[in-house]
Amino acid sequence: MKSYHHTIGQHNYIFKDLKDLMAKASPTRSGDFLAGLGAENAQERVAAQMALADLPLKTFLNDLVIPYESDEITRLIIDSHDEQAFKTVSHLTIGDFRNWLLSDDADTSALHALSKGLTPEMVAAVSKIMRIQDLVIVSKKCEVVSKFRNTIGLRGRLATRLQPNHPTDDPVGIAASILDGLMNGAGDAVIGINPASDNVAQVTLLIKMLDQIIQQYQIPTQSCVLTHVTNTLIAIDSGAPVDLVFQSIGGTEATNRSFGIDLNLLSEARDAAYSLKRGTVGSNVMYFETGQGSALSAQANFGVDQQTCEARAYAVARHFDPLLVNSVVGFIGPEYLYDGKQIMRAGLEDHFCGKLLGIPMGCDVCYTNHAEADQDDMDTLLTLLGVAGCNFIMGVPGADDIMLNYQTTSFHDALYARRVLDLKPAPEFELWLQNMGIITDNKMITLGHNLPNNFAKALQRLS
Amino acid sequence: MSSNIKSNSVIENSWAQLKQLTSARIALGRSGISLPTHAQLKFQLDHAQARDAVYFQLNVSKLCADLTQSFSSMNLESIGLQSDAIDRPTYLKRPDYGKRLSQISKEILLKRITKAKFSPNTFNYDIAFVIVDGLSALAIETNALRFLKTACTNLQSEKFTIAPFCVVEQGRVAIGDEIGELLSAKLVIVLIGERPGLSSPDSMGIYLTWHPKVGLTDESRNCISNIRNGGLSDTEATMKLRYLVTQAHKREISGIALKDETSSKQSLSSLNSFLIE
């Protein structure tokens, strides 16, 4: 195994292998220390970053952080690598690559053409020597568009997942949150429920309910019940109207095994959803969630730092042409991302790596109550992601998810980002909002004052 | 001079009647497109309560004294212990430290056991209760003593031998494994402060583990969650606990092999949603 080193003054810093170098070069985060992988001090970190900057991009095709023989995701990364696309940058070091990404030559079409020539390890490596503004300015140049019943990821647009969770999956409580969300312009990425129960019959009822709501109000969006992929397969088999297949994924084969999945199972699920042909403007049928720390949490990180593991999960996502991918960045807790600063940096890294690899990246801008974070941190990350061109964020009533017990962005937060950054909903959904009278001014997002007639009728059914 | 500025700029939502259907923060109204002052400060208060619960320090000596006094008729003592996590920031960053006793605490516990002089190859106790601050010492301070009075009274008829109560600072669920193993208990029952939710800073959880020993993981445990005022009541929780305790002793198992069959799973019989015609 090749070791790496870098000398600063009298001190020669030695890194025992590529994954050690990558881990030591990572900006501070608690999870890498929990794993025993982080840099011992600030100078060692910069020494690692300098050594990393000198590495040729090609290194990552030969020196594999997790062996080809033992991990199907490494095999996927290597076997699907587009050498032709890579040729344009194959002579660069990581440091040169950063300079090129920031240069005016690296425009939207150049980045798009390159994406399949890049591996997760390459983009993770370059992100480690980038500041937040670098991550933002390069992400902003990427445009990754996906389609099902609407078009997500177009420049100047920000979509939201309407997340109407309820602790007992009560359909009435869920419907109340859906109406609240729609009236605040949320729901173009997906109307997606995290069910409290894994019971397939119950999950199927929720799928049917969402389908009926979307049909009745002719909402140009898609639904998803975020249950295990095997449950969704059973639901599809029994004739449930499934739009999107959801699954949590990680960046190592063993992480995915701990989730009860592998690439074959995901293929089977994608084919099953695809065969239903429910999309109207496109056929991206997968919804994936990820998050730094999941590999270590499953004791399946193999000495690889958490951000590199996370980027490897995007290779899995990319293989299945998803509609939506988001990192649930602050959900995992302070032992992986300790505070607002770490959550913010991780959210922007994830978005950057995802976009550079060509996946339709969103972000669950979130935190738990035992993390050193608050609403100000979420506002900052949301604003930065909005500037960076993030495809979508979450929307829950009042930022409080009463089922998952964490805080994510609210319907109001999404309206804030859309207004200050002049971002529009997905075009098909925007038109629907206008026709319903929910938004009244398409120049500066402004909400109407009246309840649409069909919603007023729905409320009458309650009294 | 009179002002042109309205004293109330909040636009209320005409669907506010839906609030009664869910505890989600719906129909909050808006100022422009932003969150009105009242809802904003309500959220900040709820978050503040959850944050303070995370940093609330358990008064170990007081809880030990209260337990000893309350259970004097059953002749049960209490022992105060600490994990390897020296403070809250360390506890939050290093879950592994919170799963093990500090060296001093380990010695304290071993001394107490030597004093008891039990024979090897048999278990000293049927049940050991371990009371742990977890992520909300507030939950323990609010619920533990009250719940234990109900639970122990209920379990008395089963004639179980119960170990001295262990009260642990900066602990995680798995610290019960080490304590239960050292005490030589057949079953360890950990009462622990759960991760505070925005509307539930004081929620207590209970974890049962049969034949506790260091290194066990979550699949060997059964959990009863959300014990608090407004959550699962002491009576309901005790009913579940009694079932699990007696079944664990009878079948000599815990965890995924032992399902809580007392819970009546709520199932959705119909869609019955007002949004659908």
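Everything numeric in this text was worked out from a predicted model, so none of it was measured. Just so we're on the same page: letters track the sequence lines, and every chain starts at 1.
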- [ ] Dump the intermediate steps for side chain to side chain contact (heavy atoms under 4.5 Å, CB included) on B:L18 and A:L459, then the final yes or no.
- [x] CA-CA 8 Å; B:L18 296 180; A:L459 289 190; 3.6 Å; yes

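- A distance-only check finds no donor-acceptor pair linking the side chain of B:R25 to the backbone of A:P397 [under 3.5 Å].
- Most heavy-atom pairs under 4.5 Å with chain A, from the set B:L135, B:L92, B:T22: that is B:L92.
- Top candidate by heavy-atom pairs under 4.5 Å with chain A, chosen from B:D46, B:L198, B:L28, is B:L198.
- Proximity to chain B is limited to the side chain of A:F455, based on heavy atoms less than 4.5 angstrom apart.
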- [ ] Please report the C-alpha distance between A:D413 and B:L35 in whole Å, then the side-chain angles of each, then the deciding distance to 0.1 Å, and finally whether the side chain to side chain contact (heavy atoms under 4.5 Å, CB included) criterion is met.
- [x] CA-CA 9 Å; A:D413 294 336; B:L35 196 61; over 6 Å; no

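- In terms of heavy-atom proximity, B:S273 sits nearest to A:P171 at OG-O, 4.1 Å.
- Residue A:A414 does not touch chain B at all, counting heavy-atom pairs closer than 4.5 Å.
- Because its NZ or CZ atom is not both nearer than 6.0 Å to the ring centre of A:F33 and within 45° of the ring axis, B:K93 does not count as a cation-pi partner of that residue.
- Taking each heavy atom of A:D180 and B:A27 in turn, the nearest pair found is OD1-N, 2.9 Å.
- When heavy atoms are compared at a cutoff of 4.5 Å, A:T368 approaches chain B solely by way of its side chain, counted from C-beta outward.
- The contact between A:D374 and chain B is made by backbone and side chain atoms together, counting heavy-atom distances below 4.5 Å.
- With a threshold of 4.5 angstrom between heavy atoms, A:A371 approaches chain B through N, CA, C or O but not through any side-chain atom.
- Side-chain atoms of A:N369 do not come within 3.5 Å of backbone N or O of B:R51 as any donor-acceptor pair.
- Annotation: cation-pi pair B:R195/A:F331 present, NZ/CZ under 6.0 Å from the ring centroid and within 45° of its normal.
- Of all the heavy atoms in A:I402 and B:A24, the pair that sits closest is CD1-N, 3.4 Å.
- Atom NZ of A:K424 sits in a crowded spot, with more than 12 heavy atoms from other residues, nucleotides or ligands closer than 6.0 Å.
- The candidate from B:K19, B:R30, B:Q20, B:R94 with the greatest count of non-hydrogen atom pairs under 4.5 Å with chain A is B:R30.
- Residues B:S199 and A:D400 are in side-chain contact: their nearest non-hydrogen atoms beyond the backbone lie under 4.5 Å apart.
- Proximity to chain A involves both the backbone and the side chain of B:P89, based on heavy atoms less than 4.5 angstrom apart.
- Across A:R418, A:M183, A:M403, A:K457, the residue that shares the most heavy-atom pairs under 4.5 angstrom with chain B is A:M183.
- Residue A:Q218 qualifies as open at atom CD: its count of foreign heavy atoms under 6.0 Å is 12 or below.
- Side-chain atoms of B:I33 and A:H412, non-hydrogen and from C-beta on, never get closer than 4.5 Å to each other.
- We find the CD1-CD1 distance between B:I26 and A:I178 to be 11.5 Å, quoted to the nearest 0.5 Å.
- Side chain of A:Q216 to backbone of B:E277: a donor-acceptor contact under 3.5 angstrom is found.
- Among the candidates A:L462, A:N405, A:I174, the residue making the largest number of heavy-atom pairs closer than 4.5 Å to chain B is A:L462.
- Rounding to the nearest 0.5 angstrom, the gap separating the OH atom in B:Y55 from the NE2 atom in A:H370 is 10.0 Å.
- Counting heavy-atom neighbours within 6.0 Å of A:Q299 CD, excluding the residue itself, gives a total of 12 or less.
- Between A:V172 and B:F274 the shortest heavy-atom distance is O-CE2, 3.7 Å.
- Heavy-atom contacts from other residues, nucleotides or ligands closer than 6.0 Å to CG of B:D87 number more than 12.
- In this structure, B:N13 and A:L451 have side chains that are not in contact, with every pair of non-hydrogen atoms separated by 4.5 Å or more.
- Side-chain atoms of A:Y406 do not come within 3.5 Å of backbone N or O of B:G197 as any donor-acceptor pair.
- Top candidate by heavy-atom pairs under 4.5 Å with chain B, chosen from A:H166, A:H449, A:E372, A:R419, is A:E372.
- Panel note: side chain B:H47, backbone A:Q375; no donor-acceptor pair is recorded below 3.5 Å.
- Using a 4.5 Å heavy-atom threshold, the side chains of B:L275 and A:Y217 count as touching.
- For the side chain to side chain contact (heavy atoms under 4.5 Å, CB included) test with B:I276, the passing option among A:M209, A:R461, A:Q215 is A:M209; the others fail.
- For CG of B:N229, the number of neighbouring non-hydrogen atoms (other residues, nucleotides, ligands) closer than 6.0 Å is 12 at most.
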